[in-house]
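Written out below as structure tokens is the structure these notes cover.
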2 protein chains.
Amino acid sequence: MSIHLLLADDQELVRSALGALLSLEDDFEVVASVGRGDEVAPAALAHHPDVALLDIEMPGLDGLAAAAVLAEQAPGCKVVILTTFGRAGYLRRAMEAGAAGFVVKDAPAEVLAETIHRVMAGERIIDPALAASALAAGESPLTARERDVLVAARSAATVAEIAAALYLSEGTVRNYLSTAIAKTHSRNRTEALRFAEDQGWL
Amino acid sequence: MSIHLLLADDQELVRSALGALLSLEDDFEVVASVGRGDEVAPAALAHHPDVALLDIEMPGLDGLAAAAVLAEQAPGCKVVILTTFGRAGYLRRAMEAGAAGFVVKDAPAEVLAETIHRVMAGERIIDPALAASALAAGESPLTARERDVLVAARSAATVAEIAAALYLSEGTVRNYLSTAIAKTHSRNRTEALRFAEDQGWL
DNA sequence: TCTCGCCCATGACATTTGTCATGGGCCACC
DNA sequence: GGTGGCCCATGACAAATGTCATGGGCGAGA
């Protein structure tokens, strides 16, 4: 009895390679493979996978948001998040979205196969060290707008650009940046952004 | 007659998956697999691969530097760079280091197998669009110290920190940043850093 | 020898960023 | 109704960043 898998990762070569790796397991069958977050739910509805393996950083919808959509539209499909970064905020959001497993790409291949089996057996699989850091990190202290401003700061060079992008005055942007900087115990917005990203808060 | 391959990628799961993918080809054999750039040359000397597939961003030594070491120490081993980012500067540096091929992880799996075969046949394989963008981008206009300062700016929050890290005065750092900002046609150091990274100049 | 480019530095100053105070509007909760 | 938190804004000002001028030292190449 095969476990049907859906793969979602925007890098085609990596996605094919994961498919090849999983095909080495006798009881796994990759029934769908997509490169964008917004293609996950439609593919799940079409192919009825038992487990969806979702990368986080994808175009169209990130893997965490795709997991939330799956929880609503295909609740029978379990989710394992596969990610480059074991960020506390990612883990928290994955669990909140109902993910049953969370695997970091640094992990040995056996961890992935084992995670899938245990998830199928009804367990929720989290690395204890990651769980500890997620609990220690607590929730993001940032308000929605502080987060918006930090996200906008990723691609903007100046406060004026952030302000234009979010339809705010420059003074307001400076205030939001200031509070974000304080909450992250940073010295400037670059450091605040880096910290919030590392925590998976964005 | 198998083509012997060496794999270098710091993410173990991805590395194993690539190994599985390549094993699907009858004439490929993965003879070595490492997770750090500084392990590449020793592994090549121990296992005599025909082709080394090197990720760029790895601890210990980046894939481009590892390629240069291979060119010296194991000149019979051809190099294919495997990268997340098709940055012009990466391509340029890869070619300068003697790499015979350059594959972006977004590419379909068949491109990788084909690249390896053609490299074995003596060709140098570059995507024409990437080559065009590398030629259009030209060489990095940054001096060594400008680059050092930008690299230091990745993890530093303030000019004072960059200065301390590089044993320079703050005024000197501000000058180097200023020239780097001008050369990259940026508005501040954050944007200059982003641009230089996107070009693969760092 | 001369020239040029890179490295490094000081200093003056313009511009931008970040801090803080203040306050109005709105909503949820006690 | 009152309170607190979030959103948004203005304004004053301190601190940091970025610009520009200037100049000494050094090495490579003509």
Side-chain angles (χ1 to χ4, degrees), chain A residues 89 92-93 96 137-202, chain B residues 89 92-93 96 137-202:
Chain A
R92 176 182 294 271
R93 285 167 59 200
E96 285 169 1
E139 289 206 355
S140 164
L142 302 174
T143 66
R145 288 309 256 169
E146 283 160 358
R147 200 171 51 240
D148 290 344
V149 164
L150 277 185
V151 168
R154 275 183 183 147
S155 48
T158 63
V159 165
E161 282 189 355
I162 299 171
L166 300 181
Y167 305 100
L168 300 174
S169 75
E170 293 180 26
T172 298
V173 167
R174 296 208 299 275
N175 278 332
Y176 283 134
L177 288 174
S178 185
T179 51
I181 289 165
K183 287 179 177 179
T184 52
H185 305 104
S186 304
R187 281 159 299 177
N188 55 36
R189 63 180 190 262
T190 302
E191 195 175 47
L193 175 58
R194 189 186 306 135
F195 186 85
E197 278 187 324
D198 287 350
Q199 298 297 309
W201 288 341
L202 304 178
Chain B
R92 176 183 294 272
R93 284 168 59 200
E96 285 169 359
E139 290 206 353
S140 165
L142 302 174
T143 66
R145 289 308 258 170
E146 284 160 358
R147 198 170 53 241
D148 290 345
V149 165
L150 277 185
V151 168
R154 276 184 183 147
S155 48
T158 62
V159 163
E161 281 189 353
I162 300 172
L166 299 182
Y167 305 102
L168 299 174
S169 75
E170 293 180 26
T172 298
V173 168
R174 297 208 299 275
N175 278 334
Y176 283 133
L177 287 173
S178 186
T179 51
I181 288 166
K183 287 178 179 180
T184 52
H185 304 103
S186 304
R187 283 159 296 177
N188 55 36
R189 65 180 187 264
T190 303
E191 195 175 48
L193 174 58
R194 189 188 305 136
F195 185 85
E197 278 187 324
D198 286 350
Q199 297 297 311
W201 288 340
L202 303 178

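Each chain gets a letter, A, B and so on, in the order its sequence line appears, and its residues count up from 1. This is a predicted model, so every value here is computed, not measured.
The closest donor-acceptor contact from the side chain of A:Gln199 to the backbone of A:Ala196 lies at 3.5 Å or more, if one exists at all. No side-chain donor-acceptor contact under 3.5 Å links B:Lys183 to the backbone of B:Leu142. Looking at B:Ser186, its side chain does come within 3.5 Å of a backbone N or O of B:Thr184 through a donor-acceptor pair.
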*Starting from the C-alpha separation in whole Å, work towards a yes-or-no answer on side-chain contact (heavy atoms from CB on, under 4.5 Å) for A:Glu191 and A:Asn188.*
CA-CA 6 Å; A:Glu191 195 175 47; A:Asn188 55 36; 3.6 Å; yes
*Could you please spell out the steps behind the side-chain contact (heavy atoms from CB on, under 4.5 Å) verdict for A:Arg187 and A:Ile181?*
CA-CA 6 Å; A:Arg187 281 159 299 177; A:Ile181 289 165; 5.8 Å; no
*Quick one: do A:Leu150 and A:Leu177 satisfy side-chain contact (heavy atoms from CB on, under 4.5 Å)? Show the steps, please.*
CA-CA 7 Å; A:Leu150 277 185; A:Leu177 288 174; 4.3 Å; yes
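When side chains are defined from C-beta on, B:Thr158 does not count as touching B:Glu170, because their heavy atoms never get closer than 4.5 Å. A:Leu202 is listed as a side-chain neighbour of A:Leu193, based on a closest heavy-atom distance under 4.5 Å. Counting heavy atoms from C-beta on, the side chains of A:Ile162 and A:Leu168 never come closer than 4.5 Å. A:Asn175 has its side chain out of reach of A:Thr179: every pair of non-hydrogen atoms, C-beta onward, lies at least 4.5 Å apart. Counting heavy atoms from C-beta outward, A:Val159 and A:Arg189 have side chains that approach closer than 4.5 Å.
Note: B:Tyr176 OH to B:Arg147 CZ = 12.5 Å, rounded to the nearest 0.5 Å. Separation of atoms CH2 (B:Trp201) and CZ (B:Arg93) is listed at 13.0 Å; rounding is to 0.5 Å.
Straight-line distance from the CD atom of A:Glu146 to the C1' atom of D:dC8: 13 Å, rounded to whole Å. As rounded to whole Å, 13 Å separates atom P of D:dA9 from atom OH of A:Tyr167. At whole-Å resolution of the value, OH in B:Tyr176 and C1' in D:dT19 are 16 Å apart. In this structure, the CZ atom of B:Arg147 is 13 Å from the C1' atom of C:dC6, given to the nearest Å. Distance NZ (A:Lys183) to P (C:dG18): 17 Å, rounded to an integer number of Å. For B:Asp148 and C:dC7, the CG to C1' distance is 11 Å, given to the nearest whole Å. Rounded to whole angstrom, the span from the CD1 atom of A:Ile181 across to the P atom of C:dT17 amounts to 11 Å.
Considering only side-chain N and O atoms, A:Ser178 lies under 4.0 angstrom from the phosphate OP1 or OP2 of C:dT19.
Residues A:Ala192 and A:Ala180 share a closest heavy-atom pair of CB-O, 4.2 Å. A pairwise comparison of heavy atoms in B:Arg145 and B:Asp148 identifies NH1-OD2, 3.0 Å as the closest pair.
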Could you list the protein-to-nucleotides 10-14 of chain D atom pairs, N/O on both sides, closer than 3.5 Å?
residue, atom, partner, partner atom, Å
D:dT10, O4, A:Asn175, ND2, 2.8

What N/O pairs connect the protein and nucleotides 23-29 of chain D at under 3.5 Å? Give each pair on its own line.
none

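In this structure, B:Ala144 reaches the sugar-phosphate backbone alone: every heavy-atom distance under 4.0 Å involves primed, P, OP1 or OP2 atoms, never a base.
For the contact set between residues 150-162 of chain B and DNA chain D, defined by any heavy atom under 4.0 Å, the members are B:Ala157, B:Thr158, B:Val159. Within residues 184-202 of chain B, the residues approaching DNA chain D are B:Asn188, B:Arg189, by heavy-atom distance under 4.0 Å.
Looking at residues two or more places apart in sequence or on another chain, you find no salt bridge (Lys or Arg N to Asp or Glu O under 4.0 Å) involving B:Arg194.
Defining each end axis of the helix from C:dT1-D:dA30 to C:dC30-D:dG1 as the rotation carrying four pairs' C1' atoms onto the next four, with five pairs an end, the two axes are found to diverge by 30° to 10 degrees.
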